[in-house]
*Asks:* 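Below: one structure in structure tokens.
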Amino acid sequence: MIRLGYPCQNLVIPASTSHTLRLAGVSDKARVYPIVEKNLANLETILRWNAQRGIEVFRIGSSLVPFASHPLFPYDWAVEHAPRFQRLQALIRDLGHRLSMHPGQYVNPASPNPQVVEASLAELRYSARVLSLLDAKEGVLILHLGGAYGHKDATVRRFVEVLRGEQEILRFLALENDERTWTVEEVVVPAGALGVPVLVDAFHHRLNPGRLTLPAALALALPTWSGRPKIHISSQAAAKSAGAHADYIAPEDWRTLAEALNGRDADVMVEAKEKDRALFGLRRLIRHEEAQGSNCPPRASELSSGAFR
DNA sequence: GTACGTCAAGGATAG
DNA sequence: CTATCCTTGACGTAC
């Protein structure tokens, strides 16, 4: 079965989990606290909305607790928002949702700059802490390898060295290929050393395949997941630089991935600018092709159980 | 009330 | 060396 998810924002209902503030104001708890409460309340709203529509996979935006990893953050957010997190934890358990977080390009554990390493670890610990507090089953903390610093072997060694022993991070961590520096084949190395799974981004792979076809990349990556594998899909925005995300998923990109998956289970994150609306678009496409009987027909067992949803 | 300039952070690359 | 791109909304000041 394929489950679809979407990242960070719901564009249909007015519930944002990304309210933030300027760094200049962060030491004022009276300002920060209500923003975090609002984000957490909106997360609950979004998850309930998702559940009503059969969406069980969602990525939480990094500014759920804005500046949580910054030294100036004024209080122990994990303790002081514990009631909210407990509510969410119960809800997520009841709904059976799978949640993820995906820190941005500033997180570079292999950086030669110790301050960047420390800030990166702080951000990763924060993200893992959120997933822990939500008791996220099969939660995933997705990370790119980051900069190559001109010497990939040494960079991979530093990356592994820095993260080895970070138990809470490693509990959720998955490593993702990117569109210009690290291929799936290269990501497999540190992932194996750390004992974490490899997340294939099909769009990044198309732009930066290295020596592997998509089926070969999946053959390497899917077995690294003990449960359901996660995969990212997106399409090229027309008339923009290579790698820019399109509003929706192009049918051809879905077909390529579906063919490569060849009936295997996966949770597919729809990385499109139109977020949840793009998810519904892809869902319609899948149902349409399912009804038509494509060149990659679903198995009979999947059809009977409402496989694609 | 709206418009729009600006915002923590890194790295790669084009110019 | 500098600007720009990834992506990115949302804040907050100026009007």
Side-chain angles (χ1 to χ4, degrees), chain A residues 6-28 30-36 38-39 42-43 46 59-74 77 101-127 142-152 154-156 158-159 162 176-183 186-187 201 203-208 232-248 269-278:
Chain A
Y6 67 98
C8 306
Q9 283 179 275
N10 185 305
L11 299 183
V12 174
I13 55 172
S16 168
T17 65
S18 302
H19 292 288
T20 182
L21 75 171
R22 292 294 142 90
L23 178 60
V26 83
S27 37
D28 183 359
R31 288 192 60 194
V32 181
Y33 188 93
I35 290 174
V36 177
K38 184 161 58 174
N39 285 344
N42 285 345
L43 178 58
I46 289 173
R59 180 191 302 164
I60 299 169
S62 287
S63 58
L64 183 72
V65 184
F67 297 103
S69 69
H70 196 285
L72 287 177
F73 195 89
W77 57 271
M101 293 189 76
H102 188 3
Q105 75 264 44
Y106 302 107
V107 172
N108 285 280
S111 172
N113 178 345
Q115 289 175 328
V116 173
V117 175
E118 260 326 295
S120 298
L121 281 173
E123 184 71 10
L124 288 167
R125 288 174 187 139
Y126 148 67
S127 307
I142 303 143
L143 186 64
H144 294 289
L145 292 198
Y149 312 104
H151 190 340
K152 282 186 167 177
T155 299
V156 164
R158 275 202 311 281
F159 187 93
V162 165
E176 180 187 350
N177 59 312
D178 66 72
E179 74 275 31
R180 51 180 171 195
T181 308
W182 302 96
T183 65
E186 290 169 325
V187 166
D201 184 309
F203 181 46
H204 292 165
H205 179 77
R206 202 177 83 193
L207 294 165
N208 183 28
H232 289 177
I233 187 171
S234 49
S235 291
Q236 175 63 46
K240 287 202 176 176
S241 58
H245 286 173
D247 289 346
Y248 296 93
M269 180 62 67
V270 179
E271 292 193 318
K273 297 184 83 135
E274 286 292 322
K275 312 293 183 195
D276 45 338
R277 291 196 283 253

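Numbered from 1 within each chain, the chains take letters A, B, ... in sequence-line order. Hydrogens, waters and symmetry mates play no part in the numbers below; they use all other heavy atoms, side chains included.
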*Asks:* State, yes or no, whether a side-chain contact exists between Tyr126(A) and Val65(A) at a heavy-atom distance under 4.5 Å.
*Replies:* yes
*Asks:* How long is the line joining CD of Glu274(A) and C1' of dT8(C), in whole Å?
*Replies:* 14 Å
*Asks:* For the side chain of Asn177(A) and the backbone of Asp201(A), is there at least one donor-acceptor N/O pair under 3.5 Å apart?
*Replies:* yes
*Asks:* Determine all donor-acceptor pairs shorter than 3.5 Å in which one atom belongs to a side chain in residues 102-119 of chain A; sequence neighbours excluded.
*Replies:*
residue   : atom : partner   : partner atom : Å
His102(A) : ND1  : Ile142(A) : O            : 3.0
His102(A) : NE2  : Glu176(A) : OE1          : 3.4
Asn108(A) : OD1  : Gly147(A) : N            : 3.1
Asn108(A) : ND2  : Gln105(A) : O            : 3.0
Ser111(A) : OG   : Asn113(A) : N            : 3.0
Asn113(A) : OD1  : Gln115(A) : N            : 2.8

*Asks:* Restricting to side chain to side chain donor-acceptor pair (under 3.5 Å), what partner residues turn up for Glu274(A), sequence neighbours left out?
*Replies:* Arg277(A)
*Asks:* Taking dT6(B) as the reference, what is the distance to dT7(C) when you measure between their P atoms (whole Å, please)?
*Replies:* 23 Å
*Asks:* Can any side-chain N or O of Asn42(A) pair as donor or acceptor with the backbone N or O of Thr17(A) at less than 3.5 Å?
*Replies:* no
*Asks:* Listed by chain and number, what are the side-chain contact (heavy atoms from CB on, under 4.5 Å) partners of Ala272(A), not counting sequence neighbours?
*Replies:* Ile249(A), Val270(A), Ala278(A)
*Asks:* With sequence neighbours excluded, tell me which residues meet side-chain contact (heavy atoms from CB on, under 4.5 Å) with Pro34(A).
*Replies:* none
*Asks:* Considering all heavy atoms of both residues, which atom of Ala237(A) and which atom of His245(A) are nearest to each other, and what is their separation?
*Replies:* CB-O, 3.4 Å
*Asks:* Ignoring hydrogens and angles, tell me if any N or O in the side chain of Gln236(A) forms a donor-acceptor pair with the backbone of Gly243(A) under 3.5 Å.
*Replies:* yes
*Asks:* Would you tabulate the nitrogen or oxygen pairs shorter than 3.5 Å linking the protein to nucleotides 12-15 of chain C?
*Replies:*
residue : atom : partner  : partner atom : Å
dG12(C) : OP1  : Arg22(A) : N            : 3.3
dG12(C) : OP1  : Arg31(A) : NH2          : 2.8
dG12(C) : OP2  : Arg31(A) : NH2          : 3.3

*Asks:* Tell me: CG of Asn10(A) to P of dT8(C), nearest whole Å?
*Replies:* 15 Å
*Asks:* Round to a whole Å and report the spacing from CG of Asp247(A) to P of dG9(C).
*Replies:* 10 Å
*Asks:* Using atom CG of Leu11(A) as one end and atom C1' of dT7(C) as the other, report the distance to the nearest whole Å.
*Replies:* 14 Å
*Asks:* Considering residues at least two apart in sequence or located in another chain, which fulfil the ring-ring contact (aromatic ring centres under 6.0 Å, His included) criterion with His204(A)?
*Replies:* His144(A)
*Asks:* Taking only side-chain nitrogens and oxygens of Ser16(A), does any of them come within less than 4.0 Å of OP1 or OP2 of dG9(C)?
*Replies:* no
*Asks:* Provide the distance between the two P atoms, one in dT8(C) and one in dT2(B), to the nearest whole Å.
*Replies:* 27 Å
*Asks:* According to the Watson-Crick and G-U wobble definition with distances under 3.5 Å, which dot-bracket string, read 5' to 3', encodes DNA chain C, using [ ] for crossing pairs and | for pairs with another strand?
*Replies:* ||||||..|||||||
*Asks:* Can you tell me how far P of dG11(B) sits from CG of Asp178(A), to the nearest Å?
*Replies:* 14 Å
*Asks:* Rounded to whole angstrom, note down the P distance from dA14(C) over to dA8(B).
*Replies:* 16 Å
*Asks:* Once you apply a heavy-atom cut-off of 4.0 Å, does Thr155(A) come out as touching a base, just sugar-phosphate, or nothing?
*Replies:* nothing
*Asks:* First locate atom OG of Ser16(A), then atom CG of Asn39(A), and finally report the distance between them rounded to the nearest 0.5 Å.
*Replies:* 6.0 Å
*Asks:* How would you label the contact of Gln9(A) with the nucleic acid (heavy atoms, under 4.0 Å): base, sugar-phosphate, or nothing?
*Replies:* sugar-phosphate
*Asks:* Looking at DNA chain B, which of residues 102-115 of chain A put a heavy atom within less than 4.0 Å of it?
*Replies:* Gln105(A), Tyr106(A), Asn108(A), Ser111(A)
*Asks:* When the distance from CG of Leu64(A) to P of dA10(C) is rounded to whole Å, what number comes out?
*Replies:* 13 Å
*Asks:* On DNA chain C, compare the nucleotides closest to Thr17(A) and Gly243(A); which residue's is nearer the 5' end?
*Replies:* Gly243(A)
*Asks:* Residues two or more places apart in sequence or in another chain: which of them pass side chain to side chain donor-acceptor pair (under 3.5 Å) with Glu123(A)?
*Replies:* Ser69(A)
*Asks:* Would you say dA9(B) has OP1 or OP2 under 4.0 Å from some side-chain N or O of His70(A)?
*Replies:* no
*Asks:* Rounded to the nearest angstrom, tell me the gap between atom CD1 in Ile46(A) and atom P in dG9(C).
*Replies:* 14 Å
*Asks:* The criterion is side-chain contact (heavy atoms from CB on, under 4.5 Å); which residues satisfy it with Leu23(A), sequence neighbours excluded?
*Replies:* Val26(A), Phe67(A), His70(A), Leu72(A)
*Asks:* Could you give the CD-to-C1' distance, from Glu118(A) to dA8(B), as a whole number of Å?
*Replies:* 16 Å
*Asks:* Provide a list of protein-nucleic acid N or O atom pairs under 3.5 angstrom, restricted to nucleotides 12-15 of chain B.
*Replies:*
residue : atom : partner   : partner atom : Å
dA12(B) : OP1  : Ala148(A) : N            : 2.8
dA12(B) : OP1  : Tyr149(A) : N            : 3.3

*Asks:* What distance separates Met101(A) CE from Leu124(A) CG, expressed to the nearest 0.5 Å?
*Replies:* 10.5 Å
*Asks:* The criterion is side-chain contact (heavy atoms from CB on, under 4.5 Å); which residues satisfy it with Lys152(A), sequence neighbours excluded?
*Replies:* Ala148(A), Thr181(A), Trp182(A), Glu186(A)
